[in-house]
Chemist: 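Below is the structure I would like to discuss, written out as structure tokens.
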Amino acid sequence: MCSLIFYLVFYLFDPYPSFYLFLLQIVSYVMNLHTQPRSFYLTRHGQSIYNQSGKIGGDSGLSKSGVEYARRLAKYAHEVIGMSRAGEEDDSEKKVVPARLWTSTLRRTIETAEFIKHPEIRHSLDSGLDIDWVQFRPMARRNLDEIYAGVCDGMTYKEIEMTYPEEFERRQKDKLAYRYHRGESYMDVILRLEPMAHEMERTQEPLLIIAHQGILRILYAYFMGLSREDAPYVNIPLNTLIKLTPHADICEEERICLMDKEEMLHDGQDEPITSMPASLGKNCNAMYSINDPIMNAPSH
Ligand code: F6P
């Protein structure tokens, strides 16, 4: 609100509004600064029936392995994301902290959140006000729905290549700008995610986002400072939580595997397991700096 008033006053009275637009961005940046670092936890939904058969898009439910991931994710959410002193030895000091949960509106993400409980807790706001807080209150956000593949929705990559060879070729050449016929491009997805990324920046509580590969690539790229061109190739495997903690100059990353490598080798992963960093075995934690992104080679 303050920044809006600031903008209006200077925009109306200044002959060089672009300078004040710049100033507005600084004000907005300063207003979104946090004294306490807070984390976002990004994960794809558990394996879906479509993932199992290599089909893209659709609105299928979870496979057996996907349901198992949902169970483990709920345990992690309660024991780590919604707890203070996470990861420390002394359990007696742990206490429940308010946390948020966003999913897409698609069945596979909502089912992945199914085992997460929503007890009511007390939350002391920065203003000193105490409120009742529904822990991990589920918010289904349309902006988090997977990139829409239009006429290719529900097909495998092989079927797309055979039915629409030229389209397939065009996407291979320019994955960022390519727009599926009657569907979306990654550029479209970037546009619809931008306000959401700003909203994430303003969030005070730890935030768990259960979404989709294409969507998480863009959010990841935004916070890790990757280029738009690189974003469509970021490696976002199934069964893995990506914890991002933005600081002033870098964004810290940790990847937490909730299934072990053996389990993943047999669950019909839609991405080659060889594209995962070798260190990502059971209970692995890997730290990457902003200059060390994990990228997928352009695959299909
Ligand atoms: O394969 C799973 C999926 O989430 C599809 O629904 C979606 O079209 C695809 O990933 C996005 O990945 P890419 O842009 O590499 O095709």
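This is a predicted model, so every value here is computed, not measured. Both counts, for ligands and for their atoms, begin at 1 and track the order of listing.
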Chemist: Which residues pass the side-chain contact (heavy atoms from CB on, under 4.5 Å) test with Glu120, sequence neighbours left out?
Modeler: Asp132, Val134
Chemist: Which residue is it: Glu167, Arg170, Lys173? I am looking for the one with a side-chain hydrogen bond (donor to acceptor under 3.5 Å, both in side chains) to Tyr178.
Modeler: Glu167
Chemist: Sequence neighbours excluded, which residues qualify as salt bridge (charged side-chain N to carboxylate O under 4.0 Å, His left out) partners of Glu159?
Modeler: none
Chemist: What atoms of ligand 1 come closer than 4.0 angstrom to any heavy atom of Tyr186?
Modeler: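 What qualifies from ligand 1 is 11 (C), 12 (O), 13 (P), 14 (O).
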Chemist: Let me see the working for Thr43 and Leu208 under side chain to side chain contact (heavy atoms under 4.5 Å, CB included), right down to the final yes or no.
Modeler: CA-CA 8 Å; Thr43 179; Leu208 170 60; 4.1 Å; yes
Chemist: For the residue pair Arg217 / Tyr233, report whether a side-chain donor-acceptor contact shorter than 3.5 Å exists.
Modeler: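 Checked: Tyr233/Arg217 side chains show no N/O donor-acceptor pair below 3.5 Å.
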Chemist: Under 4.0 Å from a heavy atom of Lys175: give me the atoms of ligand 1 that qualify, with their elements.
Modeler: 13 (P), 14 (O), 15 (O)
Chemist: Main chain of Tyr148, side chain of Glu184: is a donor-acceptor contact present, judged purely on distance under 3.5 Å?
Modeler: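 Yes, the answer is positive, given that a donor and an acceptor are paired below the 3.5 Å cut-off.
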Chemist: Would you mind telling me if ligand 1 is within reach of the side chain of Tyr50, the backbone, both or neither, using heavy atoms under 4.0 Å?
Modeler: neither
Chemist: Mind checking whether Tyr157 has an N or O less than 3.5 Å away from an N or O of ligand 1?
Modeler: yes
Chemist: On the six-membered ring of Tyr41, is Lys243 placed so that its NZ or CZ lies under 6.0 angstrom from the centre and within 45° of the ring axis?
Modeler: no
Chemist: Given His45, Gln213, His212, Arg217, identify the one with the heavy atom nearest to atom 13 (P) of ligand 1.
Modeler: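 Among His45, Gln213, His212, Arg217, the closest heavy atom to atom 13 (P) of ligand 1 comes from Arg217.
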Chemist: Tell me whether Arg44 has any N or O atom under 3.5 angstrom from an N or O of ligand 1.
Modeler: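 No - when backbone and side-chain N and O of Arg44 are compared with those of ligand 1, no distance drops under 3.5 Å.
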Chemist: Under 4.0 Å, heavy-atom basis, I'd like to know which part of Lys55 is in contact with ligand 1: side chain, backbone, both or neither.
Modeler: neither
Chemist: For residues Leu241 and Leu258, report the shortest heavy-atom separation together with the two atoms involved.
Modeler: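 Heavy-atom minimum between the residues: CD1-CD1, 4.1 Å.
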Chemist: Which ligand 1 atoms does Arg171 reach within 4.0 Å, using its non-hydrogen atoms?
Modeler: 13 (P), 14 (O), 16 (O)
Chemist: Given that the side chain starts at C-beta and the backbone is N, CA, C, O, which of these parts of Glu146 lies under 4.0 Å from ligand 1, counting heavy atoms, or is it both or neither?
Modeler: side chain
Chemist: Does Glu184 approach ligand 1 within less than 4.0 angstrom via side chain, backbone, both or neither, non-hydrogen atoms only?
Modeler: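 It is neither part, as no heavy atom is under 4.0 Å.
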Chemist: Looking at ligand 1, would Gly57 count as a contact under a 4.0 Å heavy-atom criterion?
Modeler: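 The answer is yes: ligand 1 sits under 4.0 Å from a heavy atom of Gly57.
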